[in-house]
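Residue numbers begin at 1 in each chain, while the letters A, B, ... track the order of the sequences.
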Number of protein chains: 2
Amino acid sequence: MSSKTINILLAEDQGMLLGALGALLDLEPDFTVVYKANNGQQALDYLRDSSQTPVNIVLTDIEMPEMTGIELAEQIQQLQLPVKTLILTTFSRSGYLRRAMDAGVSGYLLKESPSEELAAAIRKVASGGKVIAPELMANAWMERDPLTDKERQALRLTFEGLSTEAIGEKLFLSAGTVRNYLSNAASKLQANNRVEAARIAHQNGWL
Amino acid sequence: MSSKTINILLAEDQGMLLGALGALLDLEPDFTVVYKANNGQQALDYLRDSSQTPVNIVLTDIEMPEMTGIELAEQIQQLQLPVKTLILTTFSRSGYLRRAMDAGVSGYLLKESPSEELAAAIRKVASGGKVIAPELMANAWMERDPLTDKERQALRLTFEGLSTEAIGEKLFLSAGTVRNYLSNAASKLQANNRVEAARIAHQNGWL
DNA sequence: CGATCAATATGACAAATGTCATCTGCAATT
DNA sequence: AATTGCAGATGACATTTGTCATATTGATCG
């Protein structure tokens with residue numbers, strides 16, 4: 001089963017990393033990089049185009065314009081596309097892991113870890129295994145995102161610096177309600193104010 | 001002048017990108033990656049070690065632990081090491097460009113731009129030229145950082161979610177003074193409140 | 001149908017924040 | 001010694017937040 005070549009699709013918005021990863025993976029004789037996408041949407045478009053070379057592995061970043069890697073994974077799951085998804089992202093946002101697992105990804109790697117581990121991870125996933133960066137195992141089953149949808153949205157806008165009123169307008173809520181949500185969010189996150197709450201939520205990948 | 005091989009030192013804390021860039025550059029027959037450092041300090045140590053292979057080009061990220069790429073460039077300038085420095089970093093912090101130029105770097109590239117441009121940029125710098133990512137030329141001579149030292153510090157702490165009082169304690173200032181500083185900063189940055197001001201300053205690399 | 005629950009609103013009050021004018025030292029300048 | 005300038009502090013006042021208790025409105029479910 002290891003004699004057949006593994007067809008890889010890369011999705012990464014940082015052009016430099018995208019190209020460099022392509023070069024790195026092309027060094028492996030059993031890998032073929034069939035497509036390099038700049039965002040999740042491009043990747044999905046390619047995957048759904050039956051006239052293209054079939055893909056075995058999707059290696060994707062999370063934070064990308066148009067469509068994030070997590071949304072891509074969710075789409076792949078919903079459409080039941082015959083590919084394994086492998087997330088390659090930055091450490092900080094630990095909350096992403098859970099969402100990624102829920103989206104049925106086969107692996108979750110960190111850009112921090114040495115590049116030598118990448119090929120092995122891809123082969124493992126290709127043969128049906130799961131891979132999770134060891135750094136994440138520790139605090140993996142940390143607190144799950146305690147925020148409601150509205151709280152999350154309000155925090156996101158707070159993070160941008162919007163006032164209560166401005167947030168209310170955007171979300172079609174009264175200013176008072178927004179204040180309540182932010183107050184709730186802050187107490188859930190044990191923050192002293194909306195700003196700290198937004199920062200915490202952001203760090204955990206909950207925004 | 002193009003027949004001699006160009007010796008490159010890479011400095012980048014993201015292991016994955018470091019390794020991948022190594023693979024990418026090794027594809028070029030006239031390039032040799034002689035060392036891969038995880039931070040500025042490692043890079044500098046190598047450069048100062050006369051028993052090591054001499055380096056022509058230092059390709060470095062900015063935000064790294066131990067020593068940033070800008071600090072590395074400054075050291076190289078001060079020690080008058082015979083290498084050209086090329087910065088490779090992320091778009092957002094546009095204020096970095098000025099500091100980098102002051103540190104005498106020969107080039108400033110973006111991780112966003114396509115990897116195909118990298119080799120050409122390195123060759124150009126190796127032969128004495130300067131390279132600046134076109135995206136930056138536009139807003140390069142944008143407003144210089146208008147913040148005073150205290151305003152900057154106050155904004156940094158605001159960004160972390162600290163209250164006026166807490167900031168005052170950290171900076172040994174009265175709460176009122178902190179409020180004044182933040183008020184000033186906000187008006188300088190045309191922000192409606194401290195949070196927005198902190199966000200703007202952060203985006204511009206002023207924190 | 002009535003009970004229950006969640007989402008949204010309101011009102012009230014304390015606390016924090018934004019704005020501005022003004023004061024106090026202290027250091028540099030002339 | 002007199003002047004200027006600047007960092008820091010104060011005080012006053014309007015506005016915005018934080019907190020909490022209590023409506024209102026639908027949807028849901030037994």
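Scanning both residues, Ala121(B) and Leu109(B), for their nearest heavy atoms gives CB-CD1, 3.6 Å.
Counting to the nearest Å, the C1' atom of dA7(C) and the CD atom of Glu151(A) are 11 Å from each other. One atom, CG of Leu162(A), and another, C1' of dT17(D), lie 15 Å apart when rounded to the nearest Å. We find that CG of Leu147(A) is positioned 16 Å from C1' of dA7(C), with the value rounded to whole Å. The CD-P distance, from Glu196(B) to dG18(C), rounds to 11 Å in whole Å. Separating the CD atom of Glu165(B) from the P atom of dT10(D) is a distance of 13 Å, rounded to the nearest angstrom. Rounded to whole angstrom, the span from the CD atom of Glu169(A) across to the P atom of dA9(C) amounts to 13 Å.
The aromatic rings of Phe159(A) and His202(A) lie parallel to each other, their planes meeting at an angle below 30°, with 60° marking the opposite boundary.
For the segment residues 171-195 of chain A, the set of residues with a heavy atom within less than 4.0 Å of an atom of DNA chain D comprises Arg179(A), Asn180(A), Ser183(A), Asn193(A), Arg194(A), in numerical order.
Interatomic distance, Ile87(A) CD1 to Leu97(A) CG, rounded to the nearest 0.5 Å: 9.5 Å. In this structure, the separation between CD1 on Ile62(A) and CG on Leu88(A) is 9.5 Å, given to the nearest 0.5 Å.
Residue Thr164(A) has a polar side-chain atom (N or O) positioned under 4.0 Å from OP1 or OP2 of dT17(D). Between Lys150(B) and dG8(D) there is a side-chain polar atom (N or O) within less than 4.0 angstrom of OP1 or OP2.
Val55(A) has its side chain within reach of Tyr46(A): a pair of non-hydrogen atoms, C-beta onward, lies under 4.5 Å apart.
In the displayed structure, Lys124(B) atom NZ is contacted under 6.0 Å by at most 12 heavy atoms of other residues, nucleotides or ligands.
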